[in-house]
Amino acid sequence: ERWEFQLNHDTNMKTSLILLLFISYLSLILSADPVEEEGVLVLTDANFDDTVNNEDIMLIEFYAPWCGHCKKLAPEYSAAAYELRHKTHPVKLAKVDCTVETGLQSKFGIKGYPTLKVFRKGQASDYGGPREKQGIIDYMEKQAGPAARTLSTGDLIKEFLAHPDISVVAYGLTGKAYDNFKSVANVLRDNFRFGEVVDSEVLKSGGHDKPKIVLHTKDKDQAEHVYDAEHDSKSLTSWLWSKSVPAVGEWTKETLARYQKTGLPVLKLFMDVDHTTNVKQTNYWINRLKKVAKEVAGAAGQKLHLTFANKKDYASELTKFGSEGKDLVLAIEDFAKNQKFVSSAKKIDLESIRQFVVEYLEGKLEPYIKSAPLPENNDAPVKVVVGKNFNDIVLDSSKDVLIELYAPWCGHCKKLEPIYDELATKLKNVENVVIAKMDATANDSPHSKYQASGYPTLFFAPANDKENPVPYQGERDVKSMEAFIKRKSTSWKVNKSEL
């Protein structure tokens, strides 16, 4: 009995030891540092947060192994990674395979490849730099430096505020308020100029007796805005975007992002803008927009931004509105709903601008939809979608629809075309499935969820949930695409009588 007890005891001890070693090994695998490939860290769902949340700054590429653009970027990205790790402010580069790490792809809203994002302590912002070695290095070196310039004298403050763009300055902030300011400045450094004043004597001489954040504008009607809400990153970010544009401002490539970030629709008066030789004419129209802003848009509780734009710089946009060649063009664009409205007034003047704004705010205007002519015959296996029949085909609640948004000049689209035709032919007898395509350069999609992020962009629109299309990001072959449709289909019904 003693031998039997000893044998059982030894066996139990060995089993426990093996189990303990297995658990330790498993924990090590799950919490291990990411492996490195060609100087680039490989991130997974298991190690992403532990790795990224501890880094002051990091650049991450979200990619798919089959993507041609990703393959082209790989050697440039790797070369940049090796150099950036040895800079004064070292930066790590990493990558995520979205075909494997689908949870991370969904979490960060990745809809095209490659997508690059800058992370600061886990907080993401879009990468806006070049995609070659030196461009990546230069951009990330700038990103790694201080986001806010220290203004140590009164003269430096004056010089900083003399810049033609708006400026955001923190005066005497400490503690949580200062930490939040620095966090927001890091994320928005590409959108705003940030400065900070910490010297007590400089603060005192400048009359800044209380800690505050001030957005200094170039608007003569209101030269500065003082932040007086809660000191958290989300509130400050929202406030900056909302105050970064005046009641009436110029729509340019530099201000575009600010207007879009406010979330409000934008009225655009396209005209000949001349700030040098014909200032009087330019100011004439600016003053009329200001009257409308004060009388109508302002009275409605700031539901619309009013802007003017130099039509010479926006020929493609005027084409988008179907209004090229006109002296004055008046339009409203709602970015949130992806809707455009174009004034049909025979003459653009103060009254027609006022009426256009009132009718828009009252919901009396019909959206403008750019559309090619309806196809005379649409009996081919791949259905042709244009702006005018988008809702009838893609949003048909009785059909599961795979829609390709393409560009005629796109090489990837041309390569996909015979494969897509073969897929449609193979599935033509599946009653509730429609394979469709739309030239996104000649037609508007009237639905905000169906927008091309690149070419081609493919969405699966299930019959029972048209508000939530599923992006297709798998292999572009018949077998893979058919399997995807079968998995997502609400009801797979084959018409055997036509087989």
Side-chain angles (χ1 to χ4, degrees), residues 49 52-58 107-109 117-128 143 146-151 157 160-161 163 165-198 203 206-219 221-247 249 254-266 293 297-298 300-307 334-337 448:
D49 287 343
V52 179
N53 292 351
N54 292 323
E55 293 293 332
D56 290 331
I57 184 169
M58 196 173 210
K107 179 179 179 180
F108 294 105
K117 289 185 177 290
V118 177
F119 284 78
R120 302 177 192 278
K121 295 290 185 182
Q123 191 170 5
S125 61
D126 292 336
Y127 171 84
Q143 294 292 310
R149 179 181 171 187
T150 300
L151 308 174
I157 295 175
F160 188 74
L161 299 183
H163 192 278
D165 196 7
I166 61 176
S167 307
V168 184
V169 181
Y171 295 95
L173 292 189
T174 58
K176 181 183 177 182
Y178 179 73
D179 292 340
N180 282 320
F181 170 77
K182 295 287 283 187
S183 175
V184 171
N186 270 325
V187 174
L188 299 182
R189 64 168 68 209
D190 288 335
N191 306 105
F192 298 94
R193 301 173 65 254
F194 290 93
E196 59 177 337
V197 183
V198 295
L203 288 167
H208 306 293
D209 53 337
K210 293 182 179 180
K212 58 185 176 181
I213 297 173
V214 180
L215 189 152
H216 297 271
T217 78
K218 301 302 172 184
D219 185 1
D221 297 328
Q222 187 166 5
E224 61 180 45
H225 299 276
V226 180
Y227 181 69
D228 57 3
E230 290 293 321
H231 282 288
D232 65 81
S233 299
K234 186 176 181 180
S235 297
L236 178 55
T237 299
S238 177
W239 179 83
L240 283 174
W241 286 123
S242 67
K243 299 299 182 183
S244 65
V245 292
E254 289 72 30
T255 62
L256 179 150
R258 291 174 185 166
Y259 279 107
Q260 291 178 332
K261 286 287 187 178
T262 65
L264 293 177
V266 177
Q302 191 56 42
K303 295 181 180 179
L304 179 73
H305 289 301
L306 274 63
T307 71
D334 186 332
F335 301 99
K337 296 180 180 179
S448 61

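Because only heavy atoms are used, hydrogens play no part in the values below, and waters and symmetry mates are left out as well, while side chains stay in.
- Annotation: side chain of Thr217 is not in contact with side chain of Glu224 (no heavy-atom distance under 4.5 Å).
- His231 has its side chain out of reach of Tyr178: every pair of non-hydrogen atoms, C-beta onward, lies at least 4.5 Å apart.
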Checking Glu196 against Tyr171 for the side-chain hydrogen bond (donor to acceptor under 3.5 Å, both in side chains) test, could you report, in this order, the C-alpha distance in whole Å, the side-chain angles of both residues, the deciding distance, and whether it holds? CA-CA 6 Å; Glu196 59 177 337; Tyr171 295 95; over 6 Å; no
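- For Phe119 and Phe108, the ring centers are positioned less than 6.0 Å apart.
- Heavy-atom minimum distance, Gly172 versus Pro211: O-CB, 3.5 Å.
- Under the salt bridge (Lys or Arg N to Asp or Glu O under 4.0 Å) criterion, Lys107 pairs with Asp49, not counting sequence neighbours.
- Across Lys212 and Leu173, no two heavy atoms sit closer than the pair N-CD2, 3.8 Å.
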Verdict with supporting geometry, Ser235 and Asp232, side-chain hydrogen bond (donor to acceptor under 3.5 Å, both in side chains)
CA-CA 6 Å; Ser235 297; Asp232 65 81; 2.9 Å; yes
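- Heavy atoms from other residues, nucleotides or ligands lying under 6.0 Å from NZ of Lys176 number 12 at most.
- Between Arg120 and Glu55, no side-chain nitrogen of the basic residue sits less than 4.0 Å from a carboxylate oxygen of the acidic one, so the salt-bridge criterion is not met.
- The OG atom of Ser125 sits 7.5 Å away from atom CG of Asp190, with the distance rounded to the nearest 0.5 Å.
- In this view, Lys261 satisfies the salt bridge (Lys or Arg N to Asp or Glu O under 4.0 Å) rule with no residue, not counting sequence neighbours.
- The only member of Arg193, Arg149, His216 that meets side chain to side chain contact (heavy atoms under 4.5 Å, CB included) when paired with Val169 is His216.
- Between Leu151 and Gly195, the closest heavy-atom pair is CD1-CA, 4.3 Å.
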#### Entry: Check against side chain to side chain contact (heavy atoms under 4.5 Å, CB included), Asp56 and Lys121
CA-CA 5 Å; Asp56 290 331; Lys121 295 290 185 182; 2.9 Å; yes
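- The minimum heavy-atom distance between Ser242 and Thr262, with the atom names listed, is CA-CG2, 4.2 Å.
- At a threshold of 4.5 Å between non-hydrogen side-chain atoms, the residues Thr237 and Val187 do not count as touching.
- Between Ile213 and Val168, some side-chain heavy-atom pair lies under the 4.5 Å cut-off.
- Taking the charged nitrogens against the carboxylate oxygens, Arg258 and Asp165 do have a contact shorter than 4.0 Å, which makes a salt bridge.
- Side-chain atoms of Arg189 come within 3.5 Å of backbone atoms of Gln143 as a donor-acceptor pair (strictly under, hydrogens ignored).
- Residue Asn180 holds its CG atom at 10.0 Å from CD of Glu230, rounded to the nearest 0.5 Å.
- Residues Phe194 and Leu240 meet the side-chain proximity criterion, which asks for heavy atoms closer than 4.5 Å.
- Taking NE2 of His305 as the reference point, atom OG1 of Thr255 lies at 11.0 Å (rounded to 0.5 Å).
- When all heavy atoms are compared, the tightest approach of Asp219 to Ala247 is OD2-N, 4.4 Å.
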Report task. Go through the steps to decide whether Asp126 and Lys117 satisfy the test salt bridge (Lys or Arg N to Asp or Glu O under 4.0 Å), and finish with yes or no. Result -> CA-CA 5 Å; Asp126 292 336; Lys117 289 185 177 290; 2.8 Å; yes
* Can you list the steps and then say if Phe192 with Val184 is a side chain to side chain contact (heavy atoms under 4.5 Å, CB included)? -> CA-CA 10 Å; Phe192 298 94; Val184 171; over 6 Å; no
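- Applying the 6.0 Å contact sphere to CD of Gln260 captures more than 12 heavy atoms from other residues, nucleotides or ligands.
- Looking at every heavy atom in both residues, Leu264 comes nearest to Phe335 through O-CD1, 4.4 Å.
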Please determine whether side chain to side chain contact (heavy atoms under 4.5 Å, CB included) holds for the pair Tyr227 and Leu236, giving the CA-CA distance in whole Å, both sets of side-chain angles, and the decisive distance to 0.1 Å. CA-CA 8 Å; Tyr227 181 69; Leu236 178 55; 4.0 Å; yes
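- The number of heavy-atom neighbours closer than 6.0 Å to NZ of Lys337, taken from other residues, nucleotides and ligands shown, is 12 or below.
- Annotation: Trp241 is not in aromatic contact with Tyr259 [ring centroid separation under 6.0 Å not met].
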